[in-house]
Amino acid sequence: MMSLNHTLLLNKSGLYGSSKKSPLFSQLQRRPFSHVRISAALGSSSNKGANDRNSGVLMDSAVKDMITFDVVEPKSAVGGGVKDVYVEDNPTEEQLVTPWAVSVASGYSLLRNPHHNKGLAFSEKERDSHYLRGLLPPAIVSHDLQVKKMMHNIRQYQLPLQKYMAMTDLQEMNERLFYKLLIENVEELLPVVYTPTVGEACQKYGSIFRRPQGLFISLKEKGKILEVLKNWPQRNIQVIVVTDGERILGLGDLGCQGMGIPVGKLSLYTALGGVRPSACLPITIDVGTNNEKLLEDEFYIGLRQKRATGQEYAELMHEFMSAVKQHYGEKVLIQFEDFANHNAFDLLAKYGTTHLVFNDDIQGTASVVLAGLIAAQKLVGGTLADHRFLFLGAGEAGTGIAELIALEISKQTNASLEEARKNIWLVDSKGLIVSSRKESLQHFKKPWAHEHEPIRNLTDAVNAIKPTVLIGTSGVGRTFTKEVVKSMASLNERPIILSLSNPTSQSECTAEEAYTWSQGRAIFASGSPFAPVQYEGKVFVPGQANNAYIFPGFGLGLIMSGTIRVHDDMLLAASEALAAQVTQENFDKGLIYPPFSNIRKISAHIAAEVAAKAYELGLATRLPQPENLVKYAESCMYSPAYRNYR
Ligand SMILES: NC(=O)C1=CN([C@@H]2O[C@H](COP(=O)(O)OP(=O)(O)OC[C@H]3O[C@@H](n4cnc5c(N)ncnc54)[C@H](OP(=O)(O)O)[C@@H]3O)[C@@H](O)[C@H]2O)C=CC1
Ligand SMILES: CC(=O)C(=O)O
Ligand SMILES: [Mg+2]
């Protein structure tokens, strides 16, 4: 298909942006329309030049249906920053915009365009000027009423997966309604679009698949990845979340069906961090799956082959990373998500020096847990250096958190990193990580191989190490047994117990177990949410220790400062910023995280601290540095308010 990079503006009065004599007009006359692809530079009310100079070419209604319409922005704007290329921002809400879509003789396509559709909220004037008469019933309803109705509908569904599907449909139908709903009901809807329900959705992705979301890049696209990226309609991408589907939550290898994770994470980038939807790109790299059940599932949507590994895998990933940089520039943030640890650490190390990359499972999780531990000091007294930490699970999350805790302790106490690591112990599937196992350990475990006799199980490790903090990052549910929790409670007045594994089925223990087995003394948080627990007449509110607190604000901070590389000090800054948002009221309830209902304010503070660190380290390219970074972060945030169409 031929691609013409031309300004083409359409509304009721016709086709704008190309004079009758322009090459585009001649192309339209000469070519069969099914072979013409038109790329329109998006105009806004401030983009008057494009409108004024045009002569108005009327477009035949039969023609318009044959034209594939996509939206690109001028090349010069590519490469990071927070430029409002698609006119989505809050500060311009009062301005009239043109909903660029094929809407010459009928607004039918406008109603089916999720970026512009407002459903019954189209005004009388908009219904007139955009050929919507008759396509909608007469009632005009407000955005608020639409939210009320959608929430009412979603609450009717009994099954979480039905709610997930309703939310996906809404996202594909009316993006601004989707985000308003999510932002205003974040605590209720987070478990629907994110963990735990997204886990079930990925497991059943093939059978519930309706419309594709995101970009699928498989081995079939080897040698053509740049072309595939060009098929995506938006050009000004600021954040990519990419998975290869090999370690989806604690559910293992879900192959191509892992796409639910990048889609979900990016919905949170917008709802929680204010990054515009048009700047977000979910990607799944499909190199096959070793999940036999999926390979035999007739509804499986991915490549039916075993996973490519070694050189074949590395080459595809390298082509992908190079193509992203070539197409979107140096400042696009690439967030690795749910890769298996045998690839995750290597990818982060390899591309950390050439790209703006961030591994959410290693780094985002570390930052959120460190924040919780910093906050917890208000409840238990003392400093991080006073604690002994024991992890069940020594993979991405476990060793990532351990390393950031050690870094923070080393900064606080001026001790060396090696010294700081000595109070941190990890257990993997073979038992406590000790020096006698060093030779056979994966590289990321080696720094944690301390001198100790081998210990096979967790209960014995708890009794031997006597931890003050127990952290579950094993991906295996119910591994914090009654015996383990009781041991923690006998060793500590206020044991800190974090069951981080997702989804809920994989949580190391439930909130109820943590509180009852510790006689209400545990400071508990979990990766997936648990409802408040009543124990001996008192209500205990468990917190959610999930990287969703960090990555949206962290990413916003990188983007708004035009940062070119991620640095560990930015993770520490994000932890401090999150910990600082926990109020006395939260502490009084035993919480070490603030509620998600304040998340956009929290994200603005995280973004500001991350950006400030980037400026301090000389890694920010957006100059001059804004005076008030919190205000600047807030001003960069996408608002889902409807725009008024001319
Ligand atoms: N709350 C949050 O924000 C986050 C939660 N997570 C969750 O953490 C979990 C782990 O993720 P990740 O670290 O990336 O996974 P990895 O696969 O990298 O690590 C899992 C670790 O758990 C160990 N393990 C597995 N089974 C057992 C067992 N029965 N007893 C002891 N150890 C065991 C593995 O041991 P071995 O090395 O010997 O195989 C490995 O060290 C997942 O459920 C994920 O959803 C992850 C990121 C963020
Ligand atoms: C939360 C998350 O990133 C995970 O469980 O993998
Ligand atoms: Mg993850």
Side-chain angles (χ1 to χ4, degrees), residues 190-191 194-196 198-199 202 241-254 258 260-262 264-265 268 335-346 348 358-372 390-403 425-433 437 440-446 448 455-462 470-481 484 498-508 525-530 542-552 578 593:
L190 209 55
Y194 191 53
T195 185
V198 71
C202 288
V241 176
V242 59
T243 189
D244 73 355
E246 192 167 3
R247 195 286 277 144
I248 294 300
L249 308 177
L251 302 171
D253 182 353
L254 297 184
I261 296 294
K265 291 270 177 184
L268 304 198
Q335 175 165 318
F336 294 120
E337 195 69 54
D338 291 10
F339 283 74
N341 62 38
H342 54 91
N343 290 317
F345 288 98
D346 294 348
L348 186 61
F358 168 70
N359 184 302
D360 191 31
D361 302 299
I362 301 171
Q363 298 171 297
T365 314
S367 188
V368 81
V369 171
L370 179 60
L390 181 65
F391 288 78
L392 184 73
E396 294 167 68
T399 62
I401 301 163
E403 189 65 6
W425 297 80
L426 290 94
V427 171
D428 66 8
S429 64
K430 297 188 179 65
L432 190 65
I433 295 181
R437 293 179 54 195
S440 61
L441 290 173
Q442 289 149 291
H443 65 89
F444 49 87
K445 292 179 185 169
K446 287 187 198 283
W448 311 102
I455 295 181
R456 195 70 189 86
N457 71 58
L458 181 63
T459 314
D460 292 346
V462 169
L470 179 66
I471 301 180
T473 51
S474 63
V476 185
R478 306 299 177 269
T479 34
F480 289 173
T481 58
V484 166
L498 308 179
S499 298
L500 299 184
S501 292
N502 297 316
T504 316
S505 57
Q506 312 310 110
S507 186
E508 281 78 7
S526 54
S528 299
F530 281 105
Q544 192 177 347
N546 194 293
N547 50 30
Y549 272 111
I550 291 289
F551 70 79
L578 176 56
Y593 293 100

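Note that ligands are numbered from 1 as they come in the structure, with each ligand's atoms numbered from 1 the same way. Numbers for residues simply follow the sequence, beginning at 1.
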- Item | Proximity flag Thr479 to ligand 1, non-hydrogen atoms under 4.0 Å | no
- ligand 2 versus Asn547, non-hydrogen atoms closer than 4.0 Å: side chain, backbone, both, neither? side chain
- Query: Taking only heavy atoms of Asn546, which atoms of ligand 2 are found under 4.0 Å from at least one of them?
  - Reply: 1 (C)
- Item | Evaluation steps, side chain to side chain donor-acceptor pair (under 3.5 Å), between Asn457 and Asp460 | CA-CA 6 Å; Asn457 71 58; Asp460 292 346; 3.1 Å; yes
- Item | Student check: side-chain heavy atoms of Leu498 and Thr473 closer than 4.5 Å | no
- With heavy atoms and a 4.0 Å threshold, my read on which part of Asp361 contacts ligand 2 is side chain
- Short N/O distance, under 3.5 Å, between Val368 and ligand 1? no
- Does Ser501 reach the side chain of Ser507, with side-chain heavy atoms less than 4.5 Å apart? no
- Under a 4.0 Å heavy-atom limit, does Asn547 contact ligand 1 with its side chain, its backbone, both, or neither? both
- Task: Mark up the atoms of ligand 2 that fall under 4.0 Å of a heavy atom belonging to Leu249, in ascending order.
- Result: 4 (C), 5 (O), 6 (O)
- Counting from 1, what ligand 1 atoms have a heavy atom of Thr473 closer than 4.0 Å? 10 (C), 20 (C), 21 (C), 22 (O)
- Query: Between Leu432 and Ala461, what is the shortest heavy-atom contact and its length?
  - Reply: CD1-CB, 4.5 Å
- Item | Atoms of ligand 2, numbered as shown, that sit under 4.0 Å from any heavy atom of Arg247 | 6 (O)
- Task: List the closest protein heavy-atom neighbour of atom 9 (C) of ligand 1: residue, atom name, distance to the nearest 0.1 Å.
- Result: Ser501 OG, 3.5 Å
- Item | Atoms in ligand 1 with a heavy atom of Leu249 nearer than 4.0 Å | 42 (C), 43 (O), 44 (C), 45 (O)
- Item | Residue pair Leu254 / Ile261, side-chain heavy-atom distance below 4.5 Å | no
- Task: For the pair Glu246 and His342, evaluate side chain to side chain donor-acceptor pair (under 3.5 Å) and give the outcome as yes or no after the intermediate values.
- Result: CA-CA 10 Å; Glu246 192 167 3; His342 54 91; 3.1 Å; yes
- Query: Who's the nearest protein heavy-atom neighbour of atom 30 (N) of ligand 1, and how far?
  - Reply: Leu392 CD1, 4.0 Å
- Item | Beyond-backbone contact of Leu470 with Phe391, side-chain heavy atoms, under 4.5 angstrom | no
- Task: Would you list the protein N, O or S atoms within less than 2.8 Å of the Mg ion (ligand 3), leaving out water?
- Result: Glu337 OE2, Asp338 OD1, Asp361 OD1
- Enumerated ligand 1 atoms positioned under 4.0 Å from heavy atoms of Gly527: 1 (N)
- Query: In terms of residue, atom name and distance, what is the protein heavy atom nearest to atom 1 (N) of ligand 1?
  - Reply: Ala545 O, 2.9 Å
- Message: For atom 13 (O) of ligand 1, tell me which residue out of Gly250, Gly475, Ser505, Ala397 has the closest non-hydrogen atom.
- Response: Ala397
- Evaluate the criterion side-chain contact (heavy atoms from CB on, under 4.5 Å) for residue pair Leu426 and Leu390; output intermediate values, then yes/no. CA-CA 6 Å; Leu426 290 94; Leu390 181 65; over 6 Å; no
- Message: Quick one, Phe345 and Ile362 - any side-chain contact, counting heavy atoms below 4.5 Å?
- Response: yes
- State, yes or no, whether a side-chain contact exists between Phe358 and Phe336 at a heavy-atom distance under 4.5 Å. no
- Nearest heavy atom to atom 24 (N) of ligand 1, choosing from Ser507, Ala394, Ser474, belongs to Ser474
- Report yes if Arg247 has an N/O atom closer than 3.5 Å to an N/O atom of ligand 1; otherwise report no. yes
- No-hydrogen, no-angle side-chain donor-acceptor test under 3.5 Å, Ser526 and Gln544: no
- Query: Do the charged groups of Asp338 and Lys265 touch, with an N to O distance under 4.0 Å?
  - Reply: no
- Distance filter under 4.0 Å to Tyr194 heavy atoms, resulting ligand 2 atoms: 1 (C)
- Query: Which of the numbered atoms in ligand 1 are below 4.0 angstrom from a heavy atom of Lys445?
  - Reply: 36 (P), 37 (O), 38 (O)
- Query: In the protein, what heavy atom is nearest to atom 29 (N) of ligand 1, and what distance, to one decimal place, separates them?
  - Reply: Val476 CG2, 3.9 Å
- Region of Pro503 that comes within reach of ligand 1 [heavy atoms, distance under 4.0 Å]: neither
- Message: What protein heavy atom lies closest to atom 39 (O) of ligand 1? Include the residue and the distance to one decimal.
- Response: Ser429 OG, 3.7 Å
- Message: Atom NZ of residue position Lys446 - does it have more than 12 heavy atoms of other residues, nucleotides or ligands inside 6.0 Å?
- Response: yes
- Query: Are any non-hydrogen side-chain atoms of Thr479 and Val484 less than 4.5 angstrom apart?
  - Reply: no
- Query: Hey, is Asp253 close enough to Arg247 for a salt bridge, meaning N to O under 4.0 Å?
  - Reply: no
- Task: Check Lys265 against ligand 2 and report side chain, backbone, both or neither, counting heavy atoms closer than 4.0 Å.
- Result: side chain
- Protein heavy-atom partner closest to atom 23 (C) of ligand 1 - residue, atom, separation in Å: Gly393 CA, 3.8 Å
- atom 47 (C) of ligand 1 sits nearest the protein heavy atom Thr365 OG1, 3.3 Å
- Query: With respect to atom 1 (C) of ligand 2, which of Asn502, Leu500, Leu251 exhibits the smallest heavy-atom separation?
  - Reply: Asn502
- Task: Verify the distance criterion only: is there a donor paired with an acceptor across the side chains of Asn546 and Tyr194 at less than 3.5 Å?
- Result: yes
- Query: Can you tell which part of Glu396 has a heavy atom less than 4.0 Å from ligand 1: side chain, backbone, both or neither?
  - Reply: both
- Check each atom of ligand 1 against the heavy atoms of Asp361 and keep those under 4.0 Å away; list them by number with element. 47 (C)
- Are Asn341 and Gln442 close enough that some pair of their side-chain heavy atoms sits under 4.5 Å apart? yes
- Query: Of Thr399, Leu441, Asp428, which has the heavy atom at the shortest distance from atom 31 (C) of ligand 1?
  - Reply: Asp428
- Item | Ligand-residue contact atoms, ligand 2 with Glu337, heavy atoms, under 4.0 Å | 3 (O)
- Query: Side chain or backbone of Asn546 under 4.0 Å from ligand 1, or both, or neither, by non-hydrogen atoms?
  - Reply: both
- Message: Would Asn502 count as a polar contact of ligand 1, with the cut-off being nitrogen or oxygen pairs under 3.5 Å?
- Response: yes
- Message: I'd like to know if Gln544 contacts ligand 1, where contact means a heavy-atom distance under 4.0 Å to any ligand atom.
- Response: no
- Name the closest protein heavy atom to atom 18 (O) of ligand 1, giving the residue it belongs to and the distance to 0.1 Å. Asn341 ND2, 2.8 Å
